[in-house]
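Okay, so here's the structure we're looking at.
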2 protein chains.
Amino acid sequence: MSVEDGIDFAIIELLFFAYRDFTSDPDQILADYGFGRAHHRVLHFVNRRPGLTVAELLDVLKITKQSLARVLKQLIDTDHVVQLQGPRDRRQRELYPTAKGRALALALARPQSRRIHAALGDSGVTERTLVERFLEAMVNPELRAQIDVGSAKMSGKSHGEH
Amino acid sequence: MSVEDGIDFAIIELLFFAYRDFTSDPDQILADYGFGRAHHRVLHFVNRRPGLTVAELLDVLKITKQSLARVLKQLIDTDHVVQLQGPRDRRQRELYPTAKGRALALALARPQSRRIHAALGDSGVTERTLVERFLEAMVNPELRAQIDVGSAKMSGKSHGEH
DNA sequence: AAATTACGTCAATAGTACTGACATAATCTC
DNA sequence: GAGATTATGTCAGTACTATTGACGTAATTT
């Protein structure tokens with residue numbers, strides 16, 4: 001079990017290796033666009049939660065406004081993301097992916113999804129659920145609300161259309 | 001299941017959130033030492049694979065020699081890591097953690113291990129093995145040799161002593 | 001003896017992040 | 001309505017991690 005001093009080094013390391021290779025796939029594609037991992041994260045969440053505001057995005061990414069600024073500006077300038085004035089609160093800027101943005105987000109997600117499917121292999125639904133449950137439990141409890149598993153939680157909202 | 005366009009967005013996002021919070025624990029401790037995540041990774045692998053060479057470390061971390069240089073130098077200057085001339089090949093520098101280095105590596109691993117245990121909860125050995133198997137399968141096949149799960153693979157080597 | 005290897009180092013650059021400060025417009029509160 | 005607060009944008013300065021390219025040295029291999 002590799003538990004020296006009661007420390008779970010095995011899974012600590014596996015997480016490092018898994019994440020290292022998991023992010024290496026999109027990194028290659030991003031290089032062609034002159035984008036980095038930060039652009040990927042922003043585009044991913046704008047694509048997944050269309051209409052989310054700048055403040056919400058900052059909260060999900062856990063970065064500062066200043067860090068987001070450059071990256072978001074580039075995505076807007078290259079026509080991957082558009083900003084719309086918030087309907088309720090006109091101070092807010094709702095972020096939406098363009099068709100071009102959605103295409104890139106999808107292209108970036110594809111190899112990652114392929115890797116996940118390959119890793120799950122012929123695992124059944126139970127095993128898949130177990131992996132999901134473990135990963136979710138790794139997230140800080142107070143931040144689990146950020147997770148949008150796509151099932152019950154978002155059933156009411158018309159995500160994805162715009 | 002959140003599979004739009006056949007893409008497994010659920011697990012893609014879960015991996016992001018899980019890793020984000022997984023790394024946030026040690027980050028706080030590192031700040032006290034003026035160290036960053038790079039120092040953590042180097043220290044971790046030196047601690048886990050005492051005697052590994054610079055070239056091996058570069059291969060595991062997937063960074064360049066120049067990137068490693070500064071970080072490694074700081075760890076050596078602060079007496080967390082020592083370099084010993086390779087016994088077989090005197091060009092090589094074998095890296096070993098000092099007592100101080102081992103203590104820091106352990107302090108950094110502790111909250112991560114705690115998080116993992118909490119996430120596994122009352123899961124049995126089967127579930128734990130499943131998570132391990134999934135994470136291992138996420139790693140590029142040609143790089144899986146780098147993984148040192150601590151069971152059979154290292155039984156012969158006297159890791160950890162120096 | 002010559003080529004290769006392992007490592008160290010110098011210089012220049014890029015990407016991502018930070019803190020702090022300030023500006024603007026919109027909304028909320030009294 | 002005046003004032004406070006909020007959402008966002010932006011400027012300046014800094015730090016950390018990473019990159020490529022080049023060069024040097026010592027040790028090993030051919």
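To find a chain, count down the sequence lines: A is the first, B the second, and so on, and within it residues start at 1.
Atom CG of A:Leu58 and atom P of C:dT16 are 16 Å apart (whole Å). Atom CG in A:Asp77 sits roughly 10 Å away from atom P in D:dT10 (whole-Å rounding). Atom CG of B:Asp27 and atom P of C:dC18 are 11 Å apart (whole Å). In this structure, CZ of B:Phe35 is placed 19 Å from C1' of C:dA17, rounded to the nearest angstrom. With rounding to whole Å, A:Leu72 atom CG is found 13 Å from D:dT10 atom C1'. C:dA6 atom C1' lies 14 Å from atom CG of B:Leu57, rounded to whole Å. Atom-to-atom, CZ of B:Arg93 to P of C:dT5 comes out at 18 Å; the value is rounded to the nearest Å. Here the P atom of nucleotide C:dC7 and the CD1 atom of B:Ile76 are 12 Å apart, to the nearest Å.
Between the CG atom of B:Leu135 and the CD atom of A:Glu13 there is a distance of 12.0 Å, given to the nearest 0.5 Å. In this structure, CG on B:Leu52 lies 11.0 Å from CG on B:Asn47, to the nearest 0.5 angstrom.
Annotation: the terminal axes of the helix from C:dA1-D:dT30 to C:dC30-D:dG1 meet at 30°, where each axis is the rotation carrying the C1' atoms of four end pairs onto the next four (5 pairs per end, rounded to 10°).
Nucleic acid contact for A:Gln83: sugar-phosphate only, since backbone atoms but no base atoms lie under 4.0 Å from a heavy atom of the residue. Here A:His39 lies in heavy-atom contact (under 4.0 Å) with sugar-phosphate atoms only.
Between B:Asp27 and B:Thr23, the shortest heavy-atom contact is CG-O, 3.0 Å. Residue A:Lys62 comes nearest to A:Asp59 through the heavy atom pair NZ-O, 2.8 Å, listed as atom of the first residue, atom of the second, then distance. The shortest non-hydrogen separation linking B:Arg20 to A:Val60 is NH1-O, 2.5 Å. Contact between B:Tyr19 and A:Leu15 at its shortest, heavy atoms only, is CE1-O, 3.6 Å. Residues B:Gln146 and B:Arg49 come closest through the heavy atom pair O-NH2, 2.7 Å.
At the phosphate of D:dT17, OP1 or OP2 sits under 4.0 Å from a side-chain N or O atom of B:Arg70. For the OP1/OP2 pair of D:dT19 and a distance below 4.0 Å, the side-chain nitrogens and oxygens of B:Thr64 include at least one atom meeting the criterion.
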Please tabulate, one pair per line, all N/O donor-acceptor pairs under 3.5 Å involving side-chain atoms of residues 105-115 of chain B, not counting sequence neighbours.
from     : atom 1 : to       : atom 2 : distance (Å)
B:Gln112 : NE2    : B:Phe22  : O      : 3.0
B:Ser113 : OG     : A:Asp8   : N      : 2.8
B:Arg115 : NE     : B:Asp25  : OD2    : 3.0
B:Arg115 : NH1    : A:Met138 : O      : 2.6
B:Arg115 : NH1    : A:Asn140 : OD1    : 2.8
B:Arg115 : NH2    : A:Asn140 : OD1    : 2.7
B:Arg115 : NH2    : B:Asp21  : O      : 3.2
B:Arg115 : NH2    : B:Asp25  : OD1    : 3.1
B:Arg115 : NH2    : B:Asp25  : OD2    : 3.3

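Set against D:dA18, C:dT16, D:dT8, the side chain of A:Ala55 has D:dT8 as its closest nucleotide. Set against C:dC18, D:dT8, C:dG8, the side chain of B:Val54 has C:dG8 as its closest nucleotide.
Within 3.5 Å, no donor on the side chain of A:Gln66 pairs with an acceptor on the base of D:dG9, nor the reverse.
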Enumerate the protein-to-nucleotides 24-30 of chain D contacts in which both atoms are nitrogen or oxygen and the separation is below 3.5 Å.
from   : atom 1 : to      : atom 2 : distance (Å)
D:dT28 : OP1    : B:Arg90 : N      : 3.2

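For the pair B:Gly34 and B:Leu68, nearest-nucleotide mapping onto DNA chain D gives the more 5' position to B:Gly34.
B:Asp89 pairs in a side chain to side chain donor-acceptor pair (under 3.5 Å) with only one of the listed residues (B:Gln85, B:Gln92, B:Arg91), which is B:Arg91.
Between A:His80 and A:Phe35, a ring centre-to-centre spacing shorter than 6.0 Å is recorded.
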